[in-house]
Amino acid sequence: MTRIFSGVKPTGHLTLGNYLGAVRRWVQEDQQRADALFSIVDLHALTVEHDPARVRRLSRQAATLLLAAGLDPARCTLFVQSHVDEHARLSYLLECTATDGEMRRMVQYKEKAGRERDRGGSVRLSLLTYPVLMAADILAYETDEVPVGDDQVQHVELTRDLAVRFNQRYGHTFTVPKATHPAVGARVMNLQEPTSKMGKSDDSGPGIVYLLDEPDVVRRKVMRAVTDSGRDVVYDRDERPGLANLLEVLAACGGAADPAEVAKGYASYGALKRDVAEAVVELLRPLRERHAELVADPAYVDGVLRDGADRARAIARPVVDRAYRAMGLLPAG
Ligand code: TYM
């Protein structure tokens with residue numbers, strides 16, 4: 001059976017980008033057809049300046065939201081990364097497989113480290129090695145497919161390279177995974193800055209739709225989305241990024257594959273924005289309602305995470321033990 005692994009980092013409230021780029025497929029496709037594991041990857045949240053209480057709160061919130069979105073513990077494994085030691089164990093072996101140059105080439109590292117330095121801050125070493133930990137997340141589970149948005153594809157490519165290199169050098173140990181992405185919605189852009197990704201850790205609140213935003217907040221954010229001074233509605237990602245983003249979101253909400261087709265149904269930006277706003281509100285409504293129910297039952301969520309970690313550990317431990325032996329580490333007595 002196909003094995004799927006993916007994760008979400010508790011560095012901020014989950015966004016429409018996370019949902020359309022990743023989570024919706026986890027719910028509607030991946031858990032239905034494969035042996036799927038989904039993780040709240042909390043160790044990754046420590047790679048940038050963080051508040052411990054906030055990371056803890058966001059981790060539980062992410063788990064609750066993923067269940068509210070429809071992940072079903074009877075069909076998939078949902079767990080918190082730090083509950084399973086194998087991620088950190090394997091990460092070190094992969095640090096001994098990757099090169100310094102490879103890490104420094106990662107686009108996300110260059111962007112995030114650059115921003116941090118511009119602010120006069122310091123960059124944690126773990127931000128540089130983060131893609132190795134992500135590779136460990138994936139390789140520990142003999143993963144075939146990694147459903148992610150566009151921004152993570154480079155990290156999955158690196159994971160493939162590391163798996164191939166490790167296998168060649170130390171004998172076949174890891175499955176070589178591949179990234180999968182949605183037909184549309186793989187890169188939802190910030191509504192205020194449509195040339196930047198809608199990212200949950202960004203500061204620009206008005207450009208980000210959070211999954212738990214009230215309907216009126218969603219409407220306001222969409223209606224104020226930055227577009228351009230044109231009048232006709234055409235899909236052109238390079239020349240008219242704001243408009244293209246709205247068309248993509250609407251296409252993704254309705255399950256349509258082609259934003260250019262969606263554009264043909266509109267004569268004005270106003271009408272398009274109104275439809276986008278309503279489509280997003282309706283998309284998120286069941287999720288918000290279910291989230292409100294689940295928040296009232298934290299013991300249920302904790303139980304799901306406990307069982308999930310047990311299942312995850314049972315899969316990862318023999319794989320990581322095998323990697324230890326392959327690399328030449330002496331087995332304990
Ligand atoms: P994270 O937490 O930033 O995002 C979680 C998932 O949401 C996707 N995504 C988006 N898709 C479309 N448009 C957007 N604006 C948008 N923003 C985020 C991401 O591509 C991702 O699929 N490094 C990962 C977490 C991770 C992981 C893993 C993923 C750690 N280990 C192993 C897969 C496998 C991250 O920071 O995702």
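Both counts, for ligands and for their atoms, begin at 1 and track the order of listing. Only this structure's heavy atoms are used, side chains among them; waters, hydrogens and symmetry mates stay out.
Other residues, nucleotides and ligands place no more than 12 heavy atoms under 6.0 Å from the CZ atom of Arg169.
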Quiz prompt | Steps toward side-chain hydrogen bond (donor to acceptor under 3.5 Å, both in side chains) verdict (Asp137, Gln81) | solution = CA-CA 8 Å; Asp137 301 338; Gln81 181 193 31; 2.9 Å; yes
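Considering only residues two or more places apart in sequence or on other chains, Lys112 meets the side chain to side chain donor-acceptor pair (under 3.5 Å) condition with none of them. For Thr195, the side chain to side chain contact (heavy atoms under 4.5 Å, CB included) partners are Pro241, not counting sequence neighbours.
Protein residues with a heavy atom under 4.0 Å from ligand 1 are Phe5, Ser6, Gly7, Val8, Lys9, Gly17, Asn18, Gly21, Ala22, Val41, His44, Tyr130, Met134, Asp137, Ile138, Val146, Val148, Gly149, Asp151, Gln152, Gly185, Ala186, Arg187, Val188, Lys197, Met198, Lys200.
The aromatic rings of Tyr130 and His155 stand perpendicular to each other, their planes meeting at an angle above 60°, with 30° marking the opposite boundary.
Residues in residues 223-274 take part in no ring pair (Phe, Tyr, Trp, His ring centres under 6.0 Å) pair, two or more places apart or across chains.
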